[in-house]
Amino acid sequence: MLKAILSQTNCIMLSYWEQAHRNQPFDVIVIGSGITGSSAAINLKKQSPKLRVAIVEAEKLFMTTASTKNAGFACFGSLSELLEDEALLGTDAMLDLVKRRWKGLNTLKSLIPVAAMDFIPCGGHEVFEDQELFQKCWAERERMNALLLPIIGPEVFSEKENPQDFGFKGFHTSIGNSYESQLDPAKMMDAFHSKLRAMDVPIYMASRVERIEEEKESVKLHLDEGILYARHVLVATNGLSKKLLDLDVRATRAQVLITEPIPDLKWKGVFHLDLGYTYFRNVGNRILLGGRRNLDIEAEYTDEMTVSPVIQESLETLLREKILPNSNISIAQRWVGIMGTGSARNPILQSCSERIHCAVRLGGMGVAIGSSLGADAASLILSRI
Ligand SMILES: Cc1cc2nc3c(=O)[nH]c(=O)nc-3n(C[C@H](O)[C@H](O)[C@H](O)COP(=O)(O)OP(=O)(O)OC[C@H]3O[C@@H](n4cnc5c(N)ncnc54)[C@H](O)[C@@H]3O)c2cc1C
């Protein structure tokens with residue numbers, strides 16, 4: 001008898017008070033503390049301050065799988081990327097993607113002061129290795145600018161530039177874009193989380209949801225250490241969503257590296273090449289370089305948080321041969337993050353059942369679209385409460 005009591009006590013180990021607190025259902029629990037989940041929680045509290053809202057997050061110490069690990073480009077697509085989207089999806093769908101990204105960036109700036117996230121309107125550039133791709137883009141530049149005029153403003157894709165002016169080697173031309181910006185993603189998320197704390201939204205870090213179970217009046221969240229209840233649940237877990245719901249989302253790894261400081265770095269800004277698959281920017285006087293998952297596309301459909309030699313070697317070769325030729329600068333750090341991609345380029349925002357909703361599949365543009373996707377998710381949930 002005593003043995004049975006002891007084993008029960010050992011496995012639960014909750015006090016009466018803890019048990020009572022945990023069993024009291026929240027109005028909404030958001031799973032995932034990235035840009036999407038945080039924006040959703042802020043918008044829920046803004047529109048309905050009396051709601052009891054909480055966030056549960058699997059990672060520790062204010063980390064996320066992507067929102068604090070990304071490259072910090074505040075972009076809406078390079079010219080070659082948009083032409084590729086247009087060829088694949090049609091003009092209207094391509095313009096919808098741009099609208100969503102531009103609206104998202106404006107929503108982000110309305111939620112977080114630009115100074116708090118080091119948001120710098122530094123301008124962007126697309127550099128071309130391939131003459132044929134450049135000719136195609138250049139021929140379409142004015143038509144694309146006319147399409148983007150009502151969404152973004154005049155002359156989005158500007159004049160030809162000489163990449164040698166930046167000290168690059170092996171790129172023959174680049175096209176400017178004065179509407180692109182860069183930011184510090186960790187500062188951005190810190191500002192989101194401070195805002196949530198000020199709104200009385202608890203963020204339970206290191207709390208992984210293993211399973212979601214819908215009951216008649218509530219949803220039961222099975223965490224690795226216990227159970228929480230909510231009237232509604234928002235799944236904002238992006239690349240890891242398939243572990244909780246059957247959705248068209250694939251975990252997709254993205255890799256980056258950053259150099260040690262470069263005393264005489266000649267440029268500032270964000271750069272794209274290779275149809276957007278490769279990107280680099282300055283971070284102060286360092287260079288951050290990432291992408292290239294197209295070189296090993298199947299292997300990069302993974303949630304493994306490890307760097308791969310194929311991608312890292314290719315990034316480093318590009319850095320040493322073309323971006324910073326004739327320099328021996330050391331690599332300070334390499335890291336990976338997990339994105340969510342799928343068979344379509346738009347995100348999934350839907351109610352999966354009466355009480356379980358999701359806002360996922362942000363692809364490589366989550367900094368741009370996460371805030372407005374979160375806001376839309378909040379409106380969806382409020383329409384069901
Ligand atoms: C290396 C890299 C570079 C990128 N660069 C850019 C860029 O420059 N510009 C841009 O616009 N986008 C970029 N992206 C994409 C962008 O970062 C993402 O699209 C965006 O952060 C997604 O935000 P999210 O909140 O939807 O998901 P996430 O930030 O991934 O947040 C989801 C959270 O859910 C948590 N979670 C998952 N499963 C569970 C569970 N079972 N229980 C509890 N919590 C769980 C995760 O730990 C995670 O913190 C990049 C991504 C990466 C990885």
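As the structure lists them, so they are numbered: ligands from 1, and atoms in each ligand from 1. Everything numeric in this text was worked out from a predicted model, so none of it was measured.
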(message) Distance under 4.0 Å to a non-hydrogen atom of Gly363: what atoms of ligand 1 satisfy this?
(response) 15 (C), 19 (O)
(message) List ligand 1 atoms under 4.0 Å from Glu59, heavy atoms only on the residue side.
(response) 47 (O)
(message) Please list, in number order, the atoms of ligand 1 under 4.0 Å from a heavy atom of Leu244.
(response) 41 (N)
(message) Polar contacts were defined as any N/O atom of the residue lying under 3.5 Å from an N/O atom of the ligand; does this apply to Val336 and ligand 1?
(response) no
(request) For atom 40 (C) of ligand 1, grab the closest protein heavy atom and report residue, atom and distance to one decimal in Å. (result) Val209 N, 3.7 Å
(request) Please write down residue, atom name and distance for the protein heavy atom closest to atom 14 (N) of ligand 1. (result) Asn70 CB, 3.6 Å
(message) Within 45 degrees of the ring normal and closer than 6.0 Å to the centroid, is that where the cationic atom of Arg250 sits relative to Tyr301?
(response) yes
(message) Does ligand 1 come near enough to Glu57 that some N or O of the ligand is less than 3.5 Å from an N or O of the residue?
(response) yes
(request) Heavy-atom distances under 4.0 Å are what count here, so tell me which part of Ala74 touches ligand 1: side chain, backbone, both or neither. (result) neither
(request) Write out all pairs satisfying salt bridge (charged side-chain N to carboxylate O under 4.0 Å, His left out) with one or both partners inside residues 105-122, taking only residues at least two apart or from two chains. (result) Asp118-Lys187
(request) Could you tell me whether Lys69 approaches ligand 1 through its side chain, its backbone, both or neither, with non-hydrogen atoms closer than 4.0 Å? (result) backbone
(request) Pick whichever of Gly337, Cys75, Ser207, Gly239 has a heavy atom sitting closest to atom 53 (C) of ligand 1. (result) Gly337
(message) Quick test: of every protein heavy atom, which one is nearest to atom 8 (O) of ligand 1, and how far off is it to 0.1 Å?
(response) Phe73 N, 2.9 Å
(message) For Ala236, which part has a heavy atom under 4.0 Å from ligand 1: side chain, backbone, both, or neither?
(response) backbone
(request) Kindly give the heavy-atom pair with the smallest separation between Ala332 and Arg286, and that separation in Å. (result) CB-NH1, 3.7 Å
(message) Checking a contact table here: which protein heavy atom is nearest atom 30 (O) of ligand 1, and how many Å away?
(response) Thr65 OG1, 2.6 Å
(request) Specify side chain, backbone, both or neither for Tyr279, according to which of its non-hydrogen atoms lie closer than 4.0 Å to ligand 1. (result) side chain
(message) Against ligand 1, does Gly72 come closer than 4.0 Å with any heavy atom?
(response) yes
(message) Ring centres under 6.0 Å, that's the criterion: do Phe280 and Phe168 meet it?
(response) yes
(message) At less than 4.0 angstrom from any non-hydrogen atom of Ile35, what atoms of ligand 1 do you find?
(response) 23 (O), 25 (O)
(request) Do me a favour and list the nearest non-hydrogen protein atom to atom 34 (O) of ligand 1 with residue, atom name and distance? (result) Gly32 CA, 3.2 Å
(message) Using a 4.0 Å cut-off to any heavy atom of Leu362, which atoms of ligand 1 qualify?
(response) 19 (O), 26 (O)
(request) Identify, by atom number and element, the atoms of ligand 1 in contact range of Ala368, meaning under 4.0 Å from any of its heavy atoms. (result) 11 (O)
(request) Determine, for Glu316 against Arg292, whether the closest basic-nitrogen to carboxylate-oxygen distance falls under 4.0 angstrom. (result) no
N/O donor-acceptor pairs under 3.5 Å from side chains in residues 231-239, not counting sequence neighbours:
unit_1 : atom_1 : unit_2 : atom_2 : d
Arg231 : NH1    : Asp27  : OD1    : 2.7
His232 : ND1    : His357 : NE2    : 2.9
Thr237 : OG1    : Ser241 : OG     : 2.9
Asn238 : OD1    : Arg361 : N      : 2.9
Asn238 : OD1    : Leu362 : N      : 3.0

(request) Establish whether Phe73 and Ile338 are linked, either directly or via other cluster members, by ILVMFWY side-chain heavy-atom contacts under 4.5 Å. (result) no
(message) For Leu373, which part has a heavy atom under 4.0 Å from ligand 1: side chain, backbone, both, or neither?
(response) neither
(request) Just need the protein heavy atom nearest to atom 29 (O) of ligand 1, so name the residue and atom and give the distance. (result) Ser67 OG, 2.6 Å
